[in-house]
Trainee: 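Shown below is the structure under consideration.
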Amino acid sequence: MDTNVDVSMRVNGDPVSRRIEARMNLVDFLREELGLSGSHVGCEHGVCGACTVRVDGRIVRGCLMVAAQADGADVTTIEGLSDTGEIRALQDAFVERNALQCGYCTPGMLLTLAELMERNRAASRSEIREFISGNYCRCTGYEAIVDAFEMARSARSGGGGDAA
Amino acid sequence: MTDLIADRWILDRPNSYIGRSVPRPNAPRLAEGRGTFVDDVPLGPRAGHVAFVRSPHAHARMRSIDTEAARASPGVIAVLTGRDLAAIHDPWIGVLTHLEGLKSAPQYALPLDTATWQGEAVAAVVADSRARAEDAAELVAIVWEVLPAVTDPASALDPDTPVIHESLGDNLAWRRNVDFGDIEAAYAEADHVIEETFVFARHTGVCVEPRAILADWNPAEEQLTVWHNTQCPHMIQNILATHYRLDEHRVRVIAGDVGGSFGIKVHTYADEIATVGLSILLKRPVKFVADRMESFVTDIHARAQTVKGRIAVRNDGTILGFEIDALSGIGPYSMYPRTSGIEANQIVNLMGGPYEFDHYRAQATVVFQNKNMMCQYRAVGHPVKCAVTEGLVDAAARATGLDPAELRQRNLRADDSYPCRSVQGLPFENLSHEESLAKLLEAMDYEALKDERDALREEGVYRGIGLASFIEVTNPSAMFYGVGGARISAQDGATMRLDARGNVFVATGATEQGQGMEAVISQVAATAVGVPPERLKIVTGDTEHTPYGGGTWASRAAGIGGEAVARAGRALREQILRAAATMLQEDAANLDIRNGVVVEAQTGAERIGLDEIGRICYYRPDTLPDGFQSELVATRHYVPRKYPFAFTNGVQASYLEVDVETGFITLLDHWCIEDCGTVINPLLVDEQIRGGIVQGLGGALFEECVYDRDGQMLNATMADYLVPMAAELPDMQCGHVESPTAESDLGAKGAGEAGTCGAPAAVMNALNDALAPLGASRLTDMPFTPRKVLRALGRI
């Protein structure tokens, strides 16, 4: 029995087509087939959030979706968001505030915060904490990440890079 | 004890970057997802991916292994067992000679016939993808003879309990007894002798990046290259060479980006050693990345301790002595090479650390268990000794009617009493317990907080305040491991080189795990030479390109690795100035380097740029005088010699609220005042403290590796094993006292573990403070789950 399937999608704006095993999940597809290693694999059961990517405008867990489900979809990863500059303010704030340590959770965390920035830019600290409560970070204790979101929000609204 | 006089030249440099929150050079790359973790290293199609067959039983003998079906599975390259690997490697035994009497059994990459914990790798399937290797691993048929599992530390030494390793005679790994002063006399003199038993659950580090190793053996040049997310590349190089009978220069270990380690990635894991053997046998690259289930059942566990403690105190609050009896159930082996005895040893050595007292007796017993291995995790032993000490100190406060802060103030070692020794004989160079506590009480507005707590109690809101003073081992000398025979470097080296454009390469034996090591190294290097940090390139984590060093453990990287960089940087500056003096026909003593330019030391007037010096030295040496040869590379090494450790100190406080209906605990606030000597980068130090606190909070409130009586871990998924998440945590307030060590020019002590050390004790004391007016029984059994809280309240 042939267990392979053809998939085509746009990834970070580029059309890609591959023949892959039907069971291959989306994050493995991005990492192994496309070499986009910025999305990380932490648990493979949908808990840690390190594999968070954007599919058709909404964040998903790349380990809970098989790549074939994304056939025809528009997929964006940390590499794409970095290249377009869409999350530059968040990234700059993460570096300035040291909101990342080992950096393994960071791409997933940034994609999650980018969605919060779209959905509720004025989020309170407890709302920010709630929104990232599906993303593990074992290094920072999260406070710096909450601070960085607030800094990025201020920077985007013209408050300057050092607004905190 | 030697009185040291430090030369603080590095702190007096013009344009100093010490003490500034300089950004991390490696952070932008990680923020763009452009790091290189082991699993990101590009592989060719010949690479093999290994999936291990793991024991479903805690203790069982393999009567037979049938690998035929697995070998026939699509994509399979090889299926190998312990006997295949044993042909090419030597087993290891996790003992250290200075832990006298510690014993363990030989451990192989894969066991020869008997699995001794659930999750132990027993066979390896290598295929062209991990998925296909896992398919085939399911087809390996093992006939198991299940043996009785030893899973209760309290009965491990009973005569009718089976012995895990017959060759060892019993299940006792190690026992240590110490007796200082006369604890019986202290009991006789005391107005109160209070006894409590403290329980600490097994927990683990949960690095978001799992353990991973990629081994590539090239038989033609007998060269082994290993990409490994280890904290200690040189230690792993030595271990692989030793156990695969290779010369050390034939082994290269590369540790690129590491996705969190916290002590988890500082050990010798059998499945990783097996992966290297597979590469050697198959003559191709082989990669192993632990999945999350594998991580839970094989990443080292830590902290499992039951400690009966006693404190003897007079009515005026004077602490006369402590006694402890600690029991710990480790795995079936003592972990190699650091051993599973160090946690117990630290508890014995550090009990009562912040306080002045004369009498102490301790017993620590470490027994083997058919559970995953236990070993060193962030702040090894410290959260245990701190919680036992501080829990007993709070008990003494209740017994004497003194305020907990007051009782501490009366007993803390005085800030003007240094240098001195602990009751256990460990030397303290300079600590600041009194100043730290004063600063803490001010930061939290202690009296006002107590008033608030008391007022809310009237309204049926139960809040508690908990304090915890602590000491912490950092900057270890060779007295930690080297003296016991382990080839773990306490010293560290740094090599610095001026290139032809006037930029500076810095190679260090210290390693980056996310703690910000590269920033610290860049600050020290930039300051020592006199260049801006953006003109530096930092190289870490590669045994072929860095000087021999210890890597990251025991809060040593900044204090020891940083000092080596300071000294190498000064030496390089002197070399550059010799060249400049020759070019300028000037006395080198009149010159300095500032902001990448050689200047007149007195006036700061610019004389010649480092780019120009590089150009002349490398391309036009013919223009320099005969007999002058420029040298623009300097290497220096450093190890602390006068003190076995640079002790740090600090104090934490927790403020929390207990919902007495549900048993849920809400953390409202957390403070930490800490003294790590010279603060090189205030932002990074504070973030180390915060991250450390949160790992301590996890142990206090959430984390536990739950085992049943058969030795099955019941919660080996991230959904079942709870860690602190963003929504459960408060913001944390950090402050510092700076008592630099005089052992080094830089004066930096470690900062990475202090948060973890004190947080559980502070939470425990706050919780019991909150419940005190309700007549609840004392909670000393971590983690403090809602069920335990309700039980203490008598509600269930």
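Chain letters run A, B, ... following the sequence lines, proteins first, then strands; residues in each count from 1.
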Trainee: With only heavy atoms counted, which part of B:Thr717 is less than 4.5 Å from chain A, the side chain, the backbone, both or neither?
Mentor: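 Both backbone and side chain.
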Trainee: Have B:Asp135 and B:Ser73 got a donor and an acceptor in their side chains that come within less than 3.5 Å?
Mentor: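 No, no side-chain donor-acceptor contact under 3.5 Å.
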Trainee: When heavy-atom pairs shorter than 4.5 Å are enumerated against chain A, which of B:Arg292, B:Glu512, B:Gln515, B:Gln688 gives the highest number?
Mentor: B:Arg292
Trainee: For chain B, which of A:Gly35, A:Cys102, A:Gly46 has the most heavy-atom pairs under 4.5 Å?
Mentor: A:Cys102
Trainee: Among B:Ser129, B:Ala131, B:Gly260, who wins on heavy-atom pairs under 4.5 Å with chain A?
Mentor: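 Winner by heavy-atom pair count: B:Ala131.
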Trainee: Given heavy-atom pairs under 4.5 angstrom as the criterion, report whether the side chain, backbone, both or neither of B:Asp40 touches chain A.
Mentor: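 Its backbone and side chain both get close to chain A.
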Trainee: Identify which part of B:Asp39 has an atom lying under 4.5 Å from any heavy atom of chain A, answering side chain, backbone, both or neither.
Mentor: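 Both backbone and side chain.
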Trainee: For the residue pair A:Met109 and A:Ile132, establish whether any side-chain heavy-atom pair is separated by less than 4.5 Å.
Mentor: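 Yes; the side chains approach each other to less than 4.5 Å.
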Trainee: Between B:Glu518 and B:Arg24, is there a salt bridge with N-O shorter than 4.0 Å?
Mentor: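 No, no charged N to carboxylate O under 4.0 Å.
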Trainee: By a 4.5 Å heavy-atom criterion (distance strictly below it), what part of B:Pro42 contacts chain A: side chain, backbone, both, or neither?
Mentor: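 When you check distances to chain A, no heavy atom of B:Pro42 falls under 4.5 Å.
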Trainee: In terms of heavy-atom proximity below 4.5 Å to chain B, should A:Val146 be classed as side chain, backbone, both, or neither?
Mentor: neither
Trainee: Answer with side chain, backbone, both or neither: which region of A:Tyr104 has an atom nearer than 4.5 Å to a non-hydrogen atom of chain B?
Mentor: both
Trainee: So does A:Glu44 pair up with B:Arg130, basic N to acidic O under 4.0 Å?
Mentor: no
Trainee: How about B:Gln695 and B:Glu703: does a side-chain donor come under 3.5 Å of a side-chain acceptor?
Mentor: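 Not at all, the side chains of B:Gln695 and B:Glu703 share no donor-acceptor pair under 3.5 Å.
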Trainee: Counting neighbours of CD on A:Glu33 that are heavy atoms of other residues, nucleotides or ligands and sit closer than 6.0 Å, is the number greater than 12?
Mentor: yes
Trainee: Non-hydrogen atoms of chain B under 4.5 Å away: do they reach the side chain of A:Glu79, the backbone, both or neither?
Mentor: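 Both parts, backbone and side chain.
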Trainee: Checking A:Ser126 against chain B: side chain, backbone, both or neither under 4.5 Å from a heavy atom?
Mentor: neither
Trainee: Heavy-atom cut-off 4.5 Å, strictly under: side chain, backbone, both or neither for B:Val258 against chain A?
Mentor: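 B:Val258 touches chain A through backbone heavy atoms alone.
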Trainee: Look at A:Arg125 together with A:Glu150 and state whether they make a salt bridge at an N to O cut-off of under 4.0 Å.
Mentor: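 Here A:Arg125 pairs with A:Glu150 in a salt bridge, since their nearest N and O are under 4.0 Å apart.
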Trainee: Check each atom of A:Glu21 against the heavy atoms of chain B and say whether the ones under 4.5 Å are side chain, backbone, both or neither.
Mentor: side chain
Trainee: Let me know if A:Asn135 has heavy atoms under 4.5 Å from chain B in its side chain, its backbone, both or neither.
Mentor: backbone
Trainee: In terms of heavy-atom proximity below 4.5 Å to chain B, should A:Arg31 be classed as side chain, backbone, both, or neither?
Mentor: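 Contact with chain B involves the side chain of A:Arg31 alone.
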Trainee: For the residue pair A:Leu111 and A:Leu81, establish whether any side-chain heavy-atom pair is separated by less than 4.5 Å.
Mentor: yes
Trainee: Looking at A:Thr140, A:Leu100, A:Thr106, A:Ile128, which has the largest count of heavy-atom pairs under 4.5 Å with chain B?
Mentor: A:Leu100
Trainee: Just give me the residue among B:Ser21, B:Pro28, B:Pro23, B:Gly516 that pairs up with chain A most often, heavy atom to heavy atom, under 4.5 Å.
Mentor: B:Pro28
Trainee: Less than 4.5 Å to any heavy atom of chain A: does that hold for the side chain of B:Met293, its backbone, both, or neither?
Mentor: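 Nothing of B:Met293, per the 4.5 Å heavy-atom cut-off to chain A.
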Trainee: Cut-off 3.5 Å, side chains only: do B:Gln652 and B:Ser654 have a donor facing an acceptor?
Mentor: no
Trainee: With a 4.5 angstrom heavy-atom cut-off, is it the side chain or the backbone of B:Arg690 that approaches chain A, or both, or neither?
Mentor: both
Trainee: Would you check if there is a donor-acceptor pair between the side chains of A:Asp6 and A:Ser17 at a distance under 3.5 Å?
Mentor: no
Trainee: Considering only heavy atoms, which portion of A:Arg23 lies under 4.5 Å from any heavy atom of chain B: side chain, backbone, both, or neither?
Mentor: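 Side chain of A:Arg23 only, per the 4.5 Å heavy-atom cut-off to chain B.
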Trainee: Any salt bridge linking B:Glu32 with A:Arg88? Criterion: basic side-chain nitrogen under 4.0 Å from a carboxylate oxygen.
Mentor: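 Here B:Glu32 pairs with A:Arg88 in a salt bridge, since their nearest N and O are under 4.0 Å apart.
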Trainee: Looking at A:Gly42, A:Cys137, A:Ala144, A:Ser39, which one has more heavy-atom pairs under 4.5 Å with chain B than the rest?
Mentor: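 Winner by heavy-atom pair count: A:Gly42.
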Trainee: Go through B:Gly259, B:Gly698, B:Ala31 and name the one with the most non-hydrogen pairs under 4.5 angstrom from chain A.
Mentor: B:Ala31
Trainee: Going through the distances and angles, do A:Thr77 and A:Asn12 end up as a side-chain hydrogen bond (donor to acceptor under 3.5 Å, both in side chains)?
Mentor: CA-CA 7 Å; A:Thr77 69; A:Asn12 298 330; 2.9 Å; yes
Trainee: Output all residues satisfying side-chain hydrogen bond (donor to acceptor under 3.5 Å, both in side chains) with A:Thr84, sequence neighbours left out; order by chain, then residue number.
Mentor: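 side-chain hydrogen bond (donor to acceptor under 3.5 Å, both in side chains) list for A:Thr84, sorted by chain: empty.
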